[in-house]
Amino acid sequence: MKLDVVLGLQWGDEGKGKIVDVLADTYPVIARFQGGPNAGHSLNFGDTKFVLHSIPAGVFRKNTINIIGSGVVLDPIIFRTECMDIEKLGVPIRERLKISKKTHLILPTHRIIDAASEASKGKSKIGSTLKGIGPTYMDKTGRNGLRVGDILATDFIERFNALKTKHISFLKQFDFQYDPDQNEKEWLDAIEYMKQFEFIDGEYVINEFLDKNKKILAEGAQGSMLDIDFGSYPFVTSSSTACAGACIGLGVAPSKIGRVYGIFKAYCTRVGSGPFPTELNDSVGEELRQRGFEFGATTGRPRRTGWLDLIALKYAIMLSGVTELIMMKADVLDTFDTIKVATGYKVNGEYSEHVPFDTYAEIEPVYKEFAGWKKDLSQIKKEENLPYEFMKYVKFIEEETKVPVKIISLGPDREQTIIRED
Ligand code: GDP
Ligand code: IMO
Ligand code: MG
């Protein structure tokens, strides 16, 4: 069996949580492969609304095994709160969740470093979620980090204190006020709480499942345009958000990758700083924000909004070898007379169909316009009932990207999903 992957093709918040929850009906194993509690993955079914930060979005499906993979960074405090909230809904979380021993731990001082580093950048700040993501991945690649498997070591506290001391020394370079013991007791209590969960050798467990023909869905966080290598550096997150990240973060060979589901919104959003060529700072952008309820699931920040950007979308598809597309939130466009799509860029005045290296380049999008469908899509359950103008929009995207749109999501609920026949 091959490993199927779900990943975001834009700047995050494409609707990965909803789709993983939908697909988890047919996948007995779901594994998060990177990122940490910077993610906010929203799920809606019946009267239940839930935002997951670290736990895979298969957790609400019976008989699933959910794995927090080695490529993830985990904050014990946030993890414990999330588990307790899930348990309140009657989900036997300890039975359904396993954590890789190689998952790195976010310390309270990682979060302080994140805050100090962002504050020192002033206007050029990244717009980080301030969850300690960057500093934790820095310690991982710098070979200083603490991992989930270390929790069981007899000298865990000594190692925690040694890393904390290093962090305090590092913080001397910043003019930043902080309490070095902030959240420490709560963090150590949460570490004790974590001991109730099964810590696994994730790479063995996942490869054994594949050998036994068990279907596994890998769940990405963030989006391709926030990738540490291929996103708009430095306005990115600190992990590999493209498909290769699933191999790295779960310990699965590239030859074992099967379907690659690329998720995109029918328009674009971005939270935090950095280039956004199709951004709309006008009433149309505001209408997108209000209709799409574009406010961060983790930080509550208003998301920046704009038209669909095919140059960025094709780039993301190329990076990950996307085999099928999943289009989200087209219902948000129901009221628009005209819908625009960027099919090219003018980069510093020159026409281009490439995402430029220069993050600070002036980009003017070249648009193609479509007539809006002006109908409520949110209650449509069958493909044949979708309006002609909407299908024209979908077909155009398929022709341009050369990838079929296999799933169309028309509302936040599980049920508001059309899976197209082959
Ligand atoms: P994720 O980080 O990729 O999981 O996405 P988020 O959960 O951060 O943001 C997606 C938001 O859109 C959430 O509030 C979802 O409930 C909502 N959503 C998902 N799919 C749809 C859809 O097809 N239509 C509408 N209107 N909302 C959707
Ligand atoms: P999900 O999984 C949207 C953005 C932040 C910031 C940059 C770096 O819900 O799609 P970090 O906290 O990683 O140092 O922030 O990345 N960012 C996200 N934007 N969705 C996310 O996750 C994000 N995770 C990080 O806003 O610009
Ligand atoms: Mg999100």
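We count ligands from 1, going down the list as the structure has it; atoms in each ligand are counted the same way.
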task = Apply the test side chain to side chain donor-acceptor pair (under 3.5 Å) to residues D227 and Y233: give CA-CA distance (whole Å), side-chain angles for both, the deciding distance (0.1 Å), then the verdict.
result = CA-CA 8 Å; D227 183 271; Y233 194 87; over 6 Å; no
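- Centroid-to-centroid, the aromatic rings of F197 and F79 come within less than 6.0 Å.
- For a threshold of 3.5 Å applied to N or O pairs, the pair formed by S238 and ligand 2 contains no separation below that value.
- Near S409, meaning under 4.0 Å from one of its heavy atoms, ligand 1 places the atoms 20 (N), 21 (C), 22 (C), 23 (O).
- Taking backbone and side chain together, G40 holds an N, O or S atom under 2.8 Å from the Mg ion (ligand 3).
- K381 NZ: more than 12 foreign heavy atoms inside a 6.0 Å radius.
- Annotation: L130 places no N or O atom under 3.5 Å from an N or O atom of ligand 2; distance criterion only.
- Compare M327, K16, K329 by their heavy atoms: the one nearest to atom 3 (O) of ligand 1 is in K16.
- Between K375 and D334 there is no salt bridge, since no side-chain nitrogen of the basic residue lies less than 4.0 Å from a carboxylate oxygen of the acidic one.
- At a 4.0 Å heavy-atom cut-off, ligand 1 touches L410 through the backbone alone.
- The shortest heavy-atom distance from G127 to ligand 2 is under 4.0 Å.
- Taking the six-membered ring where the residue is Trp, F174 and F170 present perpendicular rings, their angle passing 60° and hence far from 30°.
- Taking a cut-off of under 4.0 Å to the non-hydrogen atoms of M328, the atoms of ligand 1 that pass are 20 (N).
- Taking a cutoff of 4.0 Å between a charged side-chain nitrogen and a carboxylate oxygen, E198 and K98 qualify as a salt bridge.
- Applying the 4.0 Å criterion to heavy atoms of I126 picks out, from ligand 2, the atoms 8 (C), 27 (O).
- When the N, O or S atoms of D13 are ranked by distance to the Mg ion (ligand 3), OD1 comes first.
- At under 3.5 Å, not a single nitrogen or oxygen of E14, backbone or side chain, sits near a nitrogen or oxygen of ligand 2.
- Contact annotation for D13 and ligand 1: heavy atoms of both the backbone and the side chain come within less than 4.0 Å of the ligand.
- With hydrogens and angles ignored, the 3.5 Å screen pairs no side-chain donor or acceptor of T103 with any backbone N or O of V72.
- In terms of polar-atom proximity, defined here as any N/O pair under 3.5 Å, Q222 does make such a contact with ligand 2.
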task = Apply side chain to side chain donor-acceptor pair (under 3.5 Å) to the pair T237 and N38, showing each step before the final yes or no.
result = CA-CA 9 Å; T237 191; N38 47 352; 3.2 Å; yes
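- In terms of polar-atom proximity, V332 is not counted as a contact of ligand 1, lacking any N or O under 3.5 Å from an N or O of the ligand.
- By heavy-atom distance, the residue among V51, L7, L226, T299 lying nearest atom 16 (O) of ligand 2 is L226.
- Using a 4.0 Å heavy-atom cutoff, R303 is absent from the residues neighbouring ligand 2.
- Of all the atoms in ligand 2, the ones that sit under 4.0 Å from a non-hydrogen atom of R301 are 5 (C), 26 (O).
- One finds no salt bridge joining K215 and D4 here, because no Lys/Arg side-chain nitrogen approaches an Asp/Glu carboxylate oxygen to under 4.0 Å.
- For P108, the side chain to side chain contact (heavy atoms under 4.5 Å, CB included) partners are F160, N183, W187, not counting sequence neighbours.
- Cation-pi contact between K340 and Y367: present, with separation from the ring centre below 6.0 Å and deviation from the ring axis of at most 45°.
- Between G17 and ligand 1, at least one pair of N/O atoms sits closer than 3.5 Å.
- Both the backbone and the side chain of H41 come within contact range of ligand 1, each with a heavy atom under 4.0 Å.
- The shortest N/O to N/O separation between G292 and ligand 1 does not fall below 3.5 Å.
- The shortest heavy-atom distance from R303 to ligand 1 is under 4.0 Å.
- Note: an N/O pair closer than 3.5 Å links G40 and ligand 2 by distance alone.
- Proximity of the aromatic rings of F293 and F295 is defined here by a centroid distance below 6.0 angstrom, and this criterion is met.
- The ring-ring contact (aromatic ring centres under 6.0 Å, His included) pairs that include a residue from residues 100-124 are H110-H167, where partners are two or more places apart or lie in different chains.
- Using a 4.0 Å cut-off between charged nitrogen and carboxylate oxygen, E14 and K329 do not count as a salt-bridge pair.
- For ligand 1, the atoms lying closer than 4.0 Å to a non-hydrogen atom of K18 are 20 (N).
- Close contacts between ligand 1 and N44 involve ligand atoms 16 (O) [criterion: under 4.0 Å to a heavy atom].
- In this structure, E95 places its CD atom where only 12 or fewer heavy-atom neighbours from other residues, nucleotides or ligands lie under 6.0 Å away.
- At under 3.5 Å, a nitrogen or oxygen of S128, whether backbone or side chain, sits near a nitrogen or oxygen of ligand 2.
- Look at G411 and you'll find a heavy atom under 4.0 Å from some atom of ligand 1.
- Considering backbone and side-chain atoms together, N38 places an N or O closer than 3.5 Å to an N or O of ligand 2.
- Aromatic ring orientation, Y393 versus W373: tilted (interplanar angle from 30° to 60°).
- Each of the following atoms of ligand 2 lies closer than 4.0 Å to a heavy atom of K16: 1 (P), 2 (O), 10 (O).
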